[in-house]
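The structure under discussion appears below in the form of structure tokens.
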2 protein chains.
Amino acid sequence: MTGKRRPTLMDVAEAAGVSRALVSIVMRDAPGASDATRRRVQEAAQALGYRPDSRARLLRSSRTRLLGVSFSTSQPFHAEIVDAAYAAAQVRGYEIALSAVANGRPESRAVEALLDLGCEALILISPTLGEQELAGYAARIPVVSLLRDDAGESVDSVSSDDHAGIRIAVEHLTSLGHRRIAHVDGGDAVSAAQRRDAFRQEMLARGLEPWNIPGGPYEEAGMEAGKQLRDKRPTAVVAFNDRCALGVMESLRAVGLRVPEDVSVLGYDDSQFARLSYVQLSSISQDAPLLAAAAVERAIDRLEGSGPPAHLVGTPHLVLRQTTAPPSSKSQPNG
Amino acid sequence: MTGKRRPTLMDVAEAAGVSRALVSIVMRDAPGASDATRRRVQEAAQALGYRPDSRARLLRSSRTRLLGVSFSTSQPFHAEIVDAAYAAAQVRGYEIALSAVANGRPESRAVEALLDLGCEALILISPTLGEQELAGYAARIPVVSLLRDDAGESVDSVSSDDHAGIRIAVEHLTSLGHRRIAHVDGGDAVSAAQRRDAFRQEMLARGLEPWNIPGGPYEEAGMEAGKQLRDKRPTAVVAFNDRCALGVMESLRAVGLRVPEDVSVLGYDDSQFARLSYVQLSSISQDAPLLAAAAVERAIDRLEGSGPPAHLVGTPHLVLRQTTAPPSSKSQPNG
DNA sequence: TGGATTCACTAGAACGATCTAGCCATCTGA
DNA sequence: TCAGATGGCTAGATCGTTCTAGTGAATCCA
């Protein structure tokens with residue numbers, strides 16, 4: 001069924017009339033072989049259809065050049081990050097081993113699978129593990145926490161500056177002329193408190209009243225919060241994230257309010273939801289791919305021997321689409 | 001920084017005062033050790049925090065009990081399947097190695113990474129590789145094509161019965177009383193032709209006129225197609241998939257038509273989009289998790305020596321939500 | 001010219017597991 | 001009592017690589 005077994009270094013060596021070690025040298029592009037032999041070995045390998053066995057390779061070499069990335073199957077968002085991580089790793093000549101956090105497969109399982117594979121460093125996307133456990137892993141190999149900055153001192157972190165994101169949001173809306181701006185917050189979701197506080201500070205700094213409405217990270221919470229906006233109407237809303245913003249918009253639409261003519265709505269994350277052609281939600285982008293690349297860089301830097309854990313913070317930016325506009329004159333009660 | 005190196009079999013053996021081989025036996029739960037020693041070895045392993053090195057283990061043993069799964073980072077849908085695959089593999093005592101198809105990382109790369117890891121079988125989600133290439137891999141190890149049934153005779157396939165899905169859709173709508181039903185098709189997307197043909201047949205079989213509108217797999221196509229529904233109005237629409245359905249709905253909504261009061265809309269895939277709380281799209285579910293489990297089963301059965309490649313076909317089912325209802329009397333011109 | 005250096009290459013020992021063959025008791029049965 | 005089975009255990013080979021320590025020849029430099 002399986003045909004004959006896959007060719008090994010030994011087979012190539014025999015075919016090319018050299019030693020195993022030399023074939024290894026050639027395959028790794030390591031110095032120590034003449035151009036002529038190099039060519040001969042390459043040809044033999046090609047002819048036999050030789051592919052190095054990564055298990056054996058990883059086993060033997062102290063350096064595996066393997067980065068472990070854990071992600072959650074329930075966060076479509078994570079897929080984009082994985083994508084970017086592959087690209088970044090490739091540039092530096094590293095490989096990536098994936099392990100998913102799934103139903104009935106807790107994060108600890110995912111991480112341990114990566115360790116068993118011989119990863120040299122771990123990149124955990126929005127890890128939910130306790131600081132203790134993370135520190136435990138970090139004692140063995142470098143660990144980078146991505147999109148979570150309070151994972152403790154023992155691990156590196158790469159995250160996004162929530163305060164700056166909210167500042168950009170408020171700045172954008174005020175520069176359009178909005179003054180009655182509400183924030184539908186994320187309840188007790190990760191980063192929600194930071195964004196809530198930032199909103200408060202940024203509004204006060206501009207002499208505006210910080211108007212916070214309890215919400216949550218999904219559409220339901222946004223819709224619920226949206227109901228409170230019908231009586232005392234703001235001219236603009238900053239939502240905790242895109243899905244929350246969708247809920248808010250749906251709720252406004254239900255009572256005949258138009259976006260952005262009557263109310264501007266700004267999301268957060270620049271997720272696929274914001275990009276939907278019929279949504280076109282203006283949003284604050286954390287630039288996840290950029291952060292992913294930074295996390296990979298950070299992990300590799302740690303491996304190749306730069307100092308203690310560091311905490312990188314990326315700056316978000318505004319992605320302008322169709323849901324924010326200057327306030328209409330009629331919805332502006334007084335100057 | 002990295003503390004001391006991880007413990008090996010040898011370390012455990014010394015600690016327990018036995019041979020490496022015996023520790024191996026105990027760790028694998030293989031016969032050949034007394035209960036007393038078994039306990040002693042387990043304790044020593046525990047104390048040292050020993051975890052078997054999967055690289056070494058995989059290298060040596062002919063059986064790796066490793067299934068390779070390739071998925072695409074751009075298909076949020078695939079994540080659900082991965083999730084289900086993990087669960088199914090665990091039940092049969094297999095592990096799963098993931099490899100993503102990402103930007104700048106073609107499917108062939110993903111597959112080869114899995115082969116290098118020593119996977120015993122491959123499960124490819126909606127593979128886009130040519131029949132030739134698939135056959136090439138299939139000559140080496142069992143390959144299961146998931147969600148694609150025309151991958152050739154050399155590979156196993158587990159897919160969903162598109163005709164049955166469309167039959168269920170048409171059945172559902174006609175049983176509600178609809179007779180003027182349109183199908184917004186998927187253009188040249190995978191499975192689009194099958195569903196288009198099935199729609200035609202099912203409508204004809206019921207003495208109804210098969211009304212097909214060219215569409216596509218994303219919102220844009222749905223919106224475009226929706227415009228054609230404004231003049232000659234159907235009472236119900238079967239969309240190629242959920243995203244297409246969302247576009248159709250958006251387009252209807254733009255001209256003041258309500259769903260489902262004026263027009264019923266039925267999606268396909270039962271994706272996360274259909275489940276959004278403010279969408280509540282009725283949809284045909286392919287039951288991806290079930291299919292994933294079937295694919296895992298199939299791969300393992302092949303490995304453990306059942307005959308030639310087989311082609312399994314799952315039956316989809318209806319997930320009823322809020323976008324389908326009986327036609328309103330006024331939108332029903334004549335009996 | 002002759003010692004040092006460089007270059008192309010090789011033999012053999014790792015890496016950390018599993019597997020095969022075999023050893024030494026103890027048990028069985030005639 | 002002794003050949004044969006059985007159960008518990010071990011030594012050593014092995015998987016396919018990479019790494020270390022060399023070897024022999026050519027080259028360099030004074």
Side-chain angles (χ1 to χ4, degrees), chain A residues 2 4-42 44-45 48-66 93 95 113 115-120, chain B residues 2 4-42 44-45 48-66 93 95 113 115-120:
Chain A
T2 324
K4 44 190 175 292
R5 79 186 203 301
R6 66 190 287 173
T8 77
L9 267 193
M10 194 58 201
D11 299 323
V12 179
E14 276 172 7
V18 295
S19 69
R20 266 172 353 204
L22 190 58
V23 179
S24 173
I25 286 172
V26 172
M27 297 318 290
R28 282 177 289 133
D29 256 334
S34 70
D35 285 354
T37 352
R38 224 171 260 278
R39 222 178 353 262
R40 199 151 40 90
V41 169
Q42 297 274 20
L48 289 173
Y50 170 78
R51 313 204 79 232
D53 182 323
S54 70
R55 297 166 297 172
R57 166 175 277 182
L58 295 183
L59 172 60
R60 173 55 205 184
S61 54
S62 47
R63 295 297 313 275
T64 64
R65 302 189 78 81
L66 198 58
E95 257 301 321
L115 290 176
D116 292 351
L117 280 175
C119 294
E120 292 187 283
Chain B
T2 325
K4 45 189 174 294
R5 78 188 201 300
R6 66 190 289 171
T8 78
L9 265 194
M10 194 58 202
D11 300 323
V12 178
E14 274 172 8
V18 295
S19 71
R20 266 171 358 205
L22 189 56
V23 178
S24 173
I25 286 171
V26 172
M27 297 318 290
R28 282 178 291 134
D29 255 337
S34 70
D35 284 356
T37 355
R38 223 171 261 277
R39 223 179 350 266
R40 196 150 43 89
V41 169
Q42 297 273 20
L48 289 173
Y50 169 78
R51 312 204 78 232
D53 182 322
S54 69
R55 296 167 298 172
R57 167 176 276 183
L58 294 183
L59 173 60
R60 173 56 206 187
S61 54
S62 48
R63 294 298 313 273
T64 64
R65 302 189 79 81
L66 198 58
E95 256 301 322
L115 290 176
D116 292 350
L117 280 174
C119 294
E120 292 187 281

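FYI, side chains are in, hydrogens and waters are out, and symmetry mates aren't considered; it's all heavy atoms of this structure. Per chain, numbering begins at 1; letters A, B, ... match sequence-line order. All figures in this text were calculated on a predicted structure; none of them were measured in a lab.
- Checked against side-chain contact (heavy atoms from CB on, under 4.5 Å), Arg51(A) has the following partners two or more places apart in sequence or in another chain: Arg6(A), Glu112(B), Asp116(B).
- From the 5' end on, the contacts that DNA chain D makes with chain A at under 4.0 Å to a non-hydrogen atom open and close at dG16(D) to dC19(D).
- Taking CG of Leu117(A) as the start and CD of Glu95(A) as the end, the distance is 12.0 Å to the nearest 0.5 Å.
- Screening residues 56-65 of chain A for salt bridge (Lys or Arg N to Asp or Glu O under 4.0 Å), with sequence neighbours left out, gives Arg63(A)-Glu120(A).
- Under the salt bridge (charged side-chain N to carboxylate O under 4.0 Å, His left out) criterion, Arg39(B) pairs with no residue, sequence neighbours left out.
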Heavy-atom protein contacts under 4.0 Å, nucleotides 7-19 of chain C, coded B base, S sugar-phosphate only, - none: -SBBBBBBBBBBB
With a cut-off of 3.5 Å and sequence neighbours excluded, list every side-chain donor-acceptor pair involving residues 7-19 of chain B.
residue	atom	partner	partner atom	Å
Thr8(B)	OG1	Met10(B)	N	3.0
Asp11(B)	OD1	Arg5(B)	NH2	3.3
Asp11(B)	OD2	Arg5(B)	NH2	3.2
Asp11(B)	OD2	Thr8(B)	N	2.8
Ser19(B)	OG	Leu22(B)	N	3.3

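- Nearest approach of Arg55(B) to Thr64(A), heavy atoms of both residues: NH1-CG2, 3.5 Å.
- Rounded to 10 degrees, the angle separating the terminal helix axes of the helix from dT1(C)-dA30(D) to dA30(C)-dT1(D), each built from five base pairs, is 40°.
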Hey, can you pull the donor-acceptor pairs under 3.5 Å for the side chains in residues 25-34 of chain B, sequence neighbours left out?
residue	atom	partner	partner atom	Å
Arg28(B)	NE	Ser24(B)	O	3.3
Arg28(B)	NE	Ser24(B)	OG	3.1
Arg28(B)	NH2	Ser24(B)	OG	3.0
Ser34(B)	OG	Thr37(B)	N	3.3
Ser34(B)	OG	Thr37(B)	OG1	2.4

